[in-house]
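See structure below.
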2 protein chains.
Amino acid sequence: MAHKKTLTDITIIDVAREAGVSYSTVSRVVNNKSYVKPETRERVTQAMHRLGYQANLQARSLAGGHSHVIGLLVHNMSTQYMGEIFRGIDDVLATHNYEVMLYTTHRRRTKESAYVNMMARGLADGLLIVLPRQPEAYIESLRARDFPYVLIDQVGIDEHDVSVTAANFQGGYDATTHLIELGHRRIGKITGWMDMVSARDRLEGYKAALSDHGIPVDPELIVIGDFEKISGYQGAATLLDLAAPPTAVFASNDVMAQGALELFRERSLQVPQDISLVGFDDIPIAAILNPPLTTLRQPMVEMGRLATQMLLDWISDPEQKPASVILPTELIHRESTSLPQS
Amino acid sequence: MAHKKTLTDITIIDVAREAGVSYSTVSRVVNNKSYVKPETRERVTQAMHRLGYQANLQARSLAGGHSHVIGLLVHNMSTQYMGEIFRGIDDVLATHNYEVMLYTTHRRRTKESAYVNMMARGLADGLLIVLPRQPEAYIESLRARDFPYVLIDQVGIDEHDVSVTAANFQGGYDATTHLIELGHRRIGKITGWMDMVSARDRLEGYKAALSDHGIPVDPELIVIGDFEKISGYQGAATLLDLAAPPTAVFASNDVMAQGALELFRERSLQVPQDISLVGFDDIPIAAILNPPLTTLRQPMVEMGRLATQMLLDWISDPEQKPASVILPTELIHRESTSLPQS
DNA sequence: AACCATTTTGCAAGCGTTTGCAAAAAGATA
DNA sequence: TATCTTTTTGCAAACGCTTGCAAAATGGTT
C-alpha cells in the first residue's frame, strides 16, 4: 500500500452495518435505484451522512458503474485558446457533478493514442478530444465499443463522427474579404499548423476570397506557420522581405498575429498605418494588444460548452448519438486594419 | 455496464496466457518487481507489446498499487496565472509518466474539502492544491494517513506543512519602495483576496515599506480587492475619488492592474505620466498591456515545477517528507511607472 | 547424494463496488 | 386461508489488479 488506511476510510460495508442493511441496498440508495422502501432509503441516507461516506471511484468504475469522470485530451493547457474552451467545459461539468481527468499530449500522436485507449478502459465515462492529431488511430475502436467521445475544433474520419468546430473556411474568407474591401491587394497569409483542418480551411477561405474578387493567389504571400507566436514573427519577416511585400497580413490565429506585431514593431512599421493585420480566435489578448487586434472570433467557450453538453447527453442516453455542429465565426473590428498606405 | 466490452480489452489474464505464466508474474513484470527470471521477463514484455496491454488504472489503484495520477485542485483553470503554474506542473509530470485529475472548486470551501477527501481515497497518489481556501479542514486528515500533498501559493496550518510560495511580503515591499524612490508619497493599494495569505503578505510589505521610509500609512489609500479585474477597476475608481487621490497605485496582481488601467483610460489619465501603476505576478499580459506593466514577478512556472517535483519525491520515498520552499520575487521594470507629475 | 539458502513462480485472498437472480416479504383478490 | 403478483432484500459473483506466503525450482557446498 502506498499509504496507510485510517478509520476515516468509510466503505459501503460500514454504511450497511450502520444502517442495518446489506451493502447492495446501500448501493441501490447511493445510485438512486428503485426497489428500496422509503424508510430504508432514509435510514441509509442518514447513515451515509453520519459517517461521511464517499464512494470510491475506482471501485465503482471497476464494478461497472459510472465513474463520473470525463477524459479531456489537449496538446497544452497553458494557452488562452485552451483556457477559453476549458471555461465552457468546466461550466457544464460543474452543474452535472462530473470531474475532469486531464491528459496533455504536447502534440504527440503516440501519446494521443495511448491516452485514448487508457481512458476508454473504463476510467472515464466519455472523452473530449481537443484538436485531435490522429483520430483515425482510435476512432474505430471507440465506435466499436460505443464509447462516447466528442472532437473539438477538428473533424474526424467521416460524417459519422461527433465534433464541434467553427466555420473556419467562412472566417478565413471574411478576414480576407475585409482586407480586400479596404483596398488591399497584396495580402500575406501566415497559415496555422497544417495538420489541423482548421488551418487548412482558413487557408482555403483566404484563397476563395481572393479568387472571388478576381485577385490571383500569389504563393509567395503564403507562409507556413504552426499556431505558435514565433512562427508568426518569422512568417512576418519572410513576408516583409519579399521583393513586393504585402500591405496587409492575415495570421491564422491571434498568437501568431502577436508575433507578427512584434516583428513589425522591430521593423518600425506602424499598424495599421503602414501595414494592416488580422488575426483569428479573439482570445482575450486580442483586445489588449497595441493596437487592439481586428480578428475573427471563434466561439471557444461555446464550443467547450456545447461539446460537453453533447457528450453528457450521449453518456446519459447511449442510444442517442449526437450530431456534429459547426459554430459561426464573426469578424471583430478593432484597430489593426485600415486602407493601404498608397 | 455503461459500455460494451470488446475483444480489444486486454487484461493481465490475457497477457499471462499469451506468455504462459501466471498473472502475478505479469504483475511483477509490469511493476518492475524483482524475482522474475530475465527470460521470463522478456517473454512477458513481448506478450504485452504484442497484445497492446494497458493496465486498468482503477483496478490497479483498488488493489493497492500506484494509480500514477496526481490530483490537482484549483479555483479556475482559465487564468494566465493558473496557466503558468500548470506549465511547470505539466513539464514535471510528463517526464514521470504521471497524469492529472483536475478539480475546479470556483473558490468554494465545501467543494475543496469534498474533493480532497475523494482524491485521497486512493484515486490519486498525491495532491497539488493551488491557493487552498481552507486547508485546516483536511490537512490533519491527510497527515494522519501520511498522504502526500503540496500546497501552492498558500501556507497551511503550521510549520509542518509542505508548501511552495513566493516572497510576497518582500515583493510588496519592493513594489512600494520602487514607487517611493521615484518620489511618490501617496501610493494607493488595491489588495488581493484577503482570504489568501499572499494578499495579506503583499499588503504587509506595502505597509512596511511606507513605515521604513517614514511615510505614514493612510487607511484611505487601501481598498480591498479580490484578484479579479473588476475589483481593480472599481478599486481604482475609489482611489481616484478621494479628496487627495494617489499619484501611484500598487495593485496586488496584474489582472487587477489591468482593470485599473481601463479605469484610468476612461478618466483620461495617462500612465505613467499622470499616475504610476505597479502590478504583481508578471503573467504574460503584463508585457503587452499599454503601457507595458511594471510588476513584481512571481515565478509561477517554477512554483509549479518545484511543487510537483517535491510531491513526486515524497510519493517515491514516503519517509522523506519535503520541506516548504519560498521562492524570491523580482521587480520587473517596464513602462507603467515614472516620477510623480508635480 | 544430501542439505541448505536463495530465487522463482503461482495460489489465494482481498481491494470497494455493482448487479443478476433467488428468496423473502408485502399487498391484493377470491 | 390460499393464491397470485409485485416489491424488497440480500447472496454471490464479478470487475482487473496487487501482494503475502507457500511450494517448487535452482544453485552451491559438503
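The sequence lines fix the lettering, A, B, ..., with proteins before strands; numbering per chain opens at 1. In this text the structure is predicted, and so the values were computed from the model without any measurement.
A sub-4.0 Å separation between OP1 or OP2 of C:dT17 and a side-chain N or O of A:S27 is absent. At D:dT18, one or more side-chain N or O atoms of B:R60 fall inside 4.0 Å of OP1 or OP2 (strictly under the cut-off).
The side chain to side chain donor-acceptor pair (under 3.5 Å) test applied to A:T40 returns no partner, not counting sequence neighbours. For B:Y53, there are no ring pair (Phe, Tyr, Trp, His ring centres under 6.0 Å) partners two or more places apart in sequence or in a different chain. Remark: A:Q54 pairs with no residue by the side chain to side chain donor-acceptor pair (under 3.5 Å) rule, at least two apart or across chains. Residues that satisfy the side chain to side chain donor-acceptor pair (under 3.5 Å) test with A:T79, not counting sequence neighbours, are absent from this structure. Take B:D313 and apply the salt bridge (Lys or Arg N to Asp or Glu O under 4.0 Å) test, not counting sequence neighbours, and it matches no residue. Looking at residues two or more places apart in sequence or on another chain, you find no side chain to side chain donor-acceptor pair (under 3.5 Å) involving A:R41. With sequence neighbours left out, A:L327 forms a side chain to side chain contact (heavy atoms under 4.5 Å, CB included) with A:V164, A:P299, A:E302, A:M303, A:L306, A:V325. Not counting sequence neighbours, the partners of A:D161 by the salt bridge (Lys or Arg N to Asp or Glu O under 4.0 Å) test are A:R143.
Rounded to whole Å, atom P of D:dG16 lies 14 Å from atom CG of B:L57. Distance, A:Y53 OH to C:dG16 P: 10 Å, rounded to whole Å. Distance CD1 (B:I12) to P (D:dG16): 11 Å, rounded to an integer number of Å. B:N56 has its CG atom 7 Å from the P atom of D:dG16, to the nearest Å. Across the protein-nucleic acid pair, A:R17 atom CZ and C:dT17 atom C1' stand 16 Å apart, rounded to whole Å. We find that CG of B:L51 is positioned 15 Å from P of D:dG16, with the value rounded to whole Å. Going from atom CG of A:L62 over to atom P of C:dT19 covers 12 Å, rounded to whole Å.
Summary for the helix from C:dA1-D:dT30 to C:dA30-D:dT1: the axes at its two ends, each from 5 pairs, differ by 50° when rounded to the nearest 10 degrees.
Taking the six-membered ring for Trp and thresholds of 30 and 60 degrees, B:Y103 and B:Y115 have ring planes inclined between 30 and 60 degrees apart.
Looking at residues 29-47 of chain A, you'll see A:N31, A:K33 sit with a heavy atom under 4.0 Å from some atom of DNA chain C.
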Kindly give the atom pairs (protein nitrogen or oxygen, nucleotide nitrogen or oxygen) under 3.5 Å for nucleotides 10-14 of chain D.
| from | atom 1 | to | atom 2 | distance (Å) |
| --- | --- | --- | --- | --- |
| D:dG10 | OP2 | A:S22 | N | 2.8 |
| D:dG10 | OP2 | A:S22 | OG | 3.2 |
| D:dG10 | OP2 | A:T25 | OG1 | 2.9 |
| D:dG10 | N7 | A:S24 | OG | 3.1 |
| D:dG10 | N7 | A:R28 | NH2 | 2.8 |
| D:dG10 | O6 | A:R28 | NH1 | 3.2 |
| D:dC11 | N4 | A:S24 | OG | 3.3 |
| D:dA12 | N7 | A:Y23 | OH | 3.4 |

(request) Take B:Y23 and B:T11 through the side-chain contact (heavy atoms from CB on, under 4.5 Å) test and state the conclusion after the steps. (result) CA-CA 9 Å; B:Y23 54 83; B:T11 71; over 6 Å; no

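Screening residues 75-85 of chain A for salt bridge (Lys or Arg N to Asp or Glu O under 4.0 Å) gives A:E84-A:R87 as the qualifying pairs, with residues at least two apart or on separate chains.
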